Structure formats: C-alpha cells, structure tokens
Amino acid sequence: MEIRSLDIPAEVRDFYLSSGIGNLYPPQAEAISKGLLEGRNVLAAIPTASGKTLLAELAMLKSIARGGKALYIVPLRALASEKFDRFREFSGIALKEGGVKVGISTGDFESRDEWLGSNDIIVATSEKTDSLLRNGTSWMEDITTIVVDEVHLLDSANRGPTLEVTLTKLMKLNPGCQIIALSATVGNAYEVANWLGAGLVLSEWRPTDLMEGVFYGGSINYRTSQKQVHDASGDDAINLVLDTLEDGGQCLVFESSRKNSVGFARRAGMKVAGLLDKRTRAALDDIVEQVIEAGESDTAKVLAQCIRNGTAFHHAGLNSAHRRLVEDGFRSNLIKMVASTPTLAAGLNLPARRVIVRSYKRYDPNFGMHPIPVLEYKQMAGRAGRPHLDPYGEAVLIAKSYNEMEMLFENYIEANAEDIWSKLGTENALRTHILSTIVNGFATSRDGVMEFIEATFFAHQNDTWGIVSVVDECLDFLREKKMLQGETRLTATSLGKLVSMLYIDPMSAAIIIEGLDKATHVTELTLMHLICKTPDMRQLYLRAGDYELINDLVLSRKEEFCEVPAPFRATDYEWFLGEVKTALLLLDWINERSMDDISKVFNVGDGDIHAFAELAEWLMHSLSRLAAITGHDKAGMAGSIEKRIHYGARQELMELVGIRGIGRVRARKLYDSGLHSIEEVRKADPAVLGGLLGPRTAEKLLREIGARPGIRPGGGTDGNPDPRTMDSLMESEQSTFSDFER
DNA sequence: ACTACTCCCATGTAGACAGCATGTC
DNA sequence: CTACATGGGAGTAGT
C-alpha cells in the first residue's frame, strides 16, 4: 500500500514522501484496512521495528488536521523523550498555523511551552497521565486520539493496574475518542483488543529477517541449518561476539545480573581490542575521556577500560551520562559489543546484528533461578537486525547440553508469548486506585466503585464477585485512615484528596502519619527512616556483615526511631534493619559524603544513588505535606530535608547551591574558602574563584549571580588572599593534577 | 622458596513510575 | 521449598 493512496491531508502525505517513506509495511496496511484512518480503535500486536510508530503518527496527524488533540502514553521516561524528539519533526507540517506542536510530561520533566494543553500532541508516561487525571486537568476531555505504547505492560504487577485504570478513566471521560494500542506479540492480544473495542492487527512480520538459534557444540544451530563458529577464545559467548565482529556486525549480549554484564564486557574486551582499527581506537579514546569526566567511581574506571577495548556494559547502576555515552557509542558503531541487563530489552531503540542471550534464567527471591518469560526473550531477540543496515538479524541462546538445546527451541524459539493477565485484583493495587476513583468523582459509592471496576480489563478477564470482599477491605482501610468518609455516599476527605494528589500509596500515607504520631525524639534519622518504611520506597538489602554494624547504630540511637521491632522476630527485624540501612545511605547523601564513598560502602552504582535520592525527595515532600495537614509541627523540618535531598548537601550550603551551575561539590569548595553566601561570592576576587572552580566555571558563576566576570588572563589578584583560600586553591589544583594522571 | 594452577565455598542476585518547581559534576 | 555464576582463598603440583 502506498502513502499516496491514503486518505490523509496533503501536508502529511508530503511530509512522509519527502522523508523517503513511500510504502507501508504489510502490518501497517492491515491497520489502515481495519479503519485506522476512520477513527476506529486498533490494537497492533506486532514486533518492534515493524512500524508501530508510523501507525500512531498517521492516526494522530489525521485527527489533528480535524482540530483534534492526541495523547501518546509510554511506559518509560527515556521513551517519552525519544518520541517527543521524533514528533517535534512535525513542527514543519502546516496542518495549522505554526505547525504541529508537541509537549512532554513526565515526573522529572515538563515541557516549557506555555501550557501543556495548548499542544497538539502530548507525550506522557502512564503514571503521569494518571496523575494529570487525578488533578483534574481540563484538556484531558479534548483528547481525540490516545496512543498506548507497550500496552502488554497491563500484565506488570507493579505498573499494570495503573495503566489499566488510567485507560478505563480515559474511555469513560472520552467515549468518542480513538484508541490506538501498540503491543508486543502476546498470546491473548484478541482479549485486549476486545476490551478496548479495537480491531486487531496480529502479525510476526519484520522488515529485517530474524534467525533464531541455539549455540551448542561449537556452532549455532538453527532448525534447518547450522553455522560453525571458530573457537578463538575458549569461551562460547566471546567466540560468538568475535564471529559477529569479523562479519562486520555488532553484538548485544543480555546478562542476568549487573556483575555478570560487567565481567563479560571486561573479558570480551581483551579479545575484541585486537580487532579494532586505528580510527576506531582514536574515536573510542574520545569516549573514554568523557566517561572519566562524568564520574570518578570504580565503575567509571572499569567502563572506561572496556570502552577502550571496544566493549561496554549497560545497567541501571550507571549514571545517566555514562548510559548515554554507551548508547551513543554503540549507535555510532564505535562500541562493538554491549553486555546489558534487561535495561535494553524493551524501550530504547538500540538494535544490533546479533543478540546473544547468555542466560535465560534470572534470580527470583521466591523461586531461585527461574527461566524468564517467553515474552521477555522475544523482546530481547527482537533487538537483532538493524533495518536497512544489516542483511538479517540473529538471536542466539546458549546451551550446555543437547537436551538443553532442544528445550530452548521448544520453550523459547518456537514458543508463543504468554497471555497477559490483569493484576488489578489485589488489595495493594485496588487501595490506591479506589481512592483516586472516588477523589475524581468516577465513583461516589461502593456500588459506583464496583461499576467502575466492571469496565476494567480485570473485569473483562474475570468474574468480579471474587473481589467484592477485597474492595470492601480497601474501603474499610481508607475510612479507618480518614481518607474517605460516609457510608452509602462516599466522599474523599481533604487528607484523601492530598494522598491521591501526592500520588503515594495510601498505605505509605498511613505509615507516615502513624509514625509522626508515635515519634517522640524527632531527628533527621527519624524522618528519613519513616519514609524508608513506606512501600513506595525502594529498599537496600542487608548483606553479610551489615547486621552487626546497623544493629549497633539502632541500639545507640533507639529513641530516634518511632518504633523498633523486637529482635527475636528475625525476619521483621532484618527488614527493619534494611530500612535503616536505606535511611543511612540517604543521610550520607545529605551530609555530603562523596558519591564514590557511598558507592563503595553501600555497594550501589551512581545511578542507584540518584534513584534513591529522587524517591526520597518525593516522599519527604509528601511527609511534609502530610505533617502539615494533620497538624504535626515537623512540616518545616521535613521541607528543609527535602531540599537537602534534592541537592545532596548540608543546610549551610542551601543558599549557594541555589545558584545555577553550582551543586554540592562546588558549593562546598566555595563555602570552605570562606564564601558562605551569594553576596560574599559576588564580592570575592574573581581570580580566587577561578582557582577554586576553574576559570570557565567561575566566569559562568559570576554571570549567573549578576556580577561582572573580571578574571584576568594572567590570574593576578588584588591584595593578599586569605590563607585558607590559598590552601584550598592548592588542594583543588592538586586534585586536578591527579585527575589528569589517570 | 616461589609461582601457576585448580578446587571449593561464601557471596549476592533486573528494572524504574510518581510531587513540585527549575537546573548537577 | 526450589539456583547458579563469580571470585577470592586455600591447597597443591611444578620448577
């Protein structure tokens, strides 16, 4: 089917023609025939890279041409910005004055454009969409097209219920709205399509061929053929990597743990290095430099070493700069192999000639090592083959025996992806969504709640009589915690409204309020531990040797905790110690312990530290608001800790850290040289600032606070610098030198 | 006496969304 | 209730 023949505005047609897209892929054509351009709902369950985005784009643009507005829901922030960047290319399409406008809304980023609702396309995560709905965003009712990306995430225990409830609310709010759902191929796609009232496009078609095989006995075995792999290293997986490189391709290796991904990248690097040409090596050295600049932790050093050899690892412990460097380095074909945890399995567009699944098992605390779902394998395998660049893609599993090979063929390569199941039916999921449903007036009674649930995917798959009792338990809980009131007619209290708005689990709110009630001797530790107790916080686990250390601390500061469980309840007590350990990490963060130290002591990556801080900031904000509304006097204290978590610094730096471009490290340098306030910095000798922070940063700093950047090239100073300033100047010089040595 | 290698056992285990108001090294 | 890859330390054979 040709773009020319489609019933779309000429501007849209020309946009695609001029970007070189003239024909539709078969699944896209099928979606058109199911009424995509006539406003019908469509569920496209097709592989990655088979053109899902184009489907969505056509429908959105057509709708916008008629004066509509589109909402594009994604599961990941990274995906949101990827789509946002893509849709911004529409600004040249003259469907209306000024072109098509795009906005983005995620928890950490909201587009500057006057107001989100003035955009034609809004990209948002599912949780942000839910949050926007909870806060009664007015333009939600103007939405005419909704795109749901990765709709199979309905199956996720954590996040599926949110997506499900959000979609249900949107459908109730906008009955006439067109829904385009995009999904991986799953067993029961028809069931989801049915729920959405959508036409189903089900296809395995890919623009690039995919060969799936199992490596065993020195060769890759496909069902009908075999490919010998030269044993150049003594390690099966490394041989597969080298084989791909010699063939001119790149490799993506999926590992089951961070440690394994780092280890494999390192080992493979020793062999890969020999295959690099001079130009590539030079370009890689450039990336290495940036890696070292972006963090001096041990992981940074190891990553730098790997990249020098043309390999890299990728997991959530990396900081965002490192992640981006790895992704970009791989995309530009400089990094030849990336060993990754499932971070890269779904979401980001990062294809490779060959995908190696080094382990199809993953640890689960309940089940030991457990085989991953077929759906997940298919997502990893689907990364193989770059459209238009590779002749084909290959996905390879590794077997240690003939039987295992047979098993892998049967259970993965030839298997169909699992069915997806709603996870809404648990008290955990219902508690929070029932509250928001009532807060927003989607339901005003117990019957109303049940009626709402009848419209969800859960009810589409199950009889709902089974969860009536669960609903009642939730309602009792919410009433008992004073978030709801009334018997037949249910209304939210101001507390309930606040909890829904803050987007925290009502259970978290209950724990925080109870803790505030009980606490007698309130310190930073008290509040920090309190937020670490909530189910919304992520926990650190106790490692061997932690017990004693943390137990000692608990005993010596017992009165600062709102409650210490009895040590003889071993599991409870260990869980409690885990919470305390998490609180200690956060305390180290706000007391300016170096990232490197925190990394080592708590055995976490830079990326984790930021993730913990981000969560804690949100929960501390919530604590502050909850304290205020329940009449506790700790709201102010929580508020200032919240700010300290944001910057990772002590109270005394709060003024300096407010300057753009100055964070915890630079502010500390300034403070320790006697510059305690913006005013003092403004009056300081520019040359001294230059010595402290480097001339360029100093100049930026002075511009930022509205002072004249008057640093002289020679670095001469007026008068005698205070000796303390001199010391720290020397120190900073030294650290600069040692940075260079490495 | 020192080194290279093997074996055994302790150890630790993926990812990532949300508030609010603007910008880390 | 369920596993397994990794790496460090101890022990051993070789020079």
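When reading the values below, keep in mind they use all heavy atoms of this one structure, side chains included, and skip hydrogens, waters and symmetry mates. Here the structure is a predicted model, which means the values were calculated and not measured. Each chain gets a letter, A, B and so on, in the order the sequences are listed, and its residues count up from 1.
Across all strands, A/Asn366 comes closer than 4.0 Å to base atoms (heavy-atom distances). In this structure, A/Gly648 reaches neither bases nor backbone, as no heavy-atom distance under 4.0 Å exists between it and the strands shown. Looking at heavy-atom distances under 4.0 Å, A/Arg267 makes contact with sugar-phosphate atoms alone, never a base. Contact annotation for A/Glu617: base contact, defined as any heavy-atom pair under 4.0 Å involving a base atom. At a threshold of 4.0 angstrom between heavy atoms, the contacts of A/Ser622 with the nucleic acid are absent. Nucleic acid contact for A/Leu344: none, since no nucleic acid atom lies under 4.0 Å from a heavy atom of the residue.
Within the structure, every pair that satisfies the salt bridge (Lys or Arg N to Asp or Glu O under 4.0 Å) test and touches residues 651-661 of chain A, not counting sequence neighbours, is listed here: A/Glu652-A/Arg668, A/Arg660-A/Glu704. Contacts classified as salt bridge (Lys or Arg N to Asp or Glu O under 4.0 Å) and involving residues 497-510 of chain A (residues at least two apart or in different chains) are given here: A/Arg431-A/Asp505. Within the structure, the salt bridge (Lys or Arg N to Asp or Glu O under 4.0 Å) test picks out the following pairs touching residues 153-168 of chain A (sequence neighbours left out): A/Glu127-A/Arg159, A/Asp155-A/Lys423.
The side chain of A/Lys400 has C/dA5 as its nearest neighbour among C/dA5, B/dC20, B/dA18. The side chain of A/Glu642 approaches B/dG19 more closely than any other nucleotide in the set B/dT24, B/dG19, C/dG7.
For the segment residues 496-512 of chain A, the set of residues with a heavy atom within less than 4.0 Å of an atom of DNA chain B comprises A/Met501, A/Leu502, A/Tyr503, in numerical order.
Pairing for B/dA16 is absent, judged as Watson-Crick or G-U wobble with the two contacts each under 3.5 Å.
The distance from atom CD1 of A/Ile104 to atom P of B/dT22 is 20 Å, rounded to the nearest whole Å.
Consecutive Watson-Crick or G-U pairing (both distances under 3.5 Å) extending over three or more pairs maps onto DNA chain C as B:1-13 with C:3-15.
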Open item on the list: Walk along nucleotides 8-17 of chain B from 5' to 3' and tag each nucleotide B, S or - by protein heavy-atom contact under 4.0 Å, base first, then sugar-phosphate.
Closed with: ----SBBSBB

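Put simply, A/Arg358 has no side-chain N or O that comes within less than 4.0 Å of OP1 or OP2 on C/dA5.
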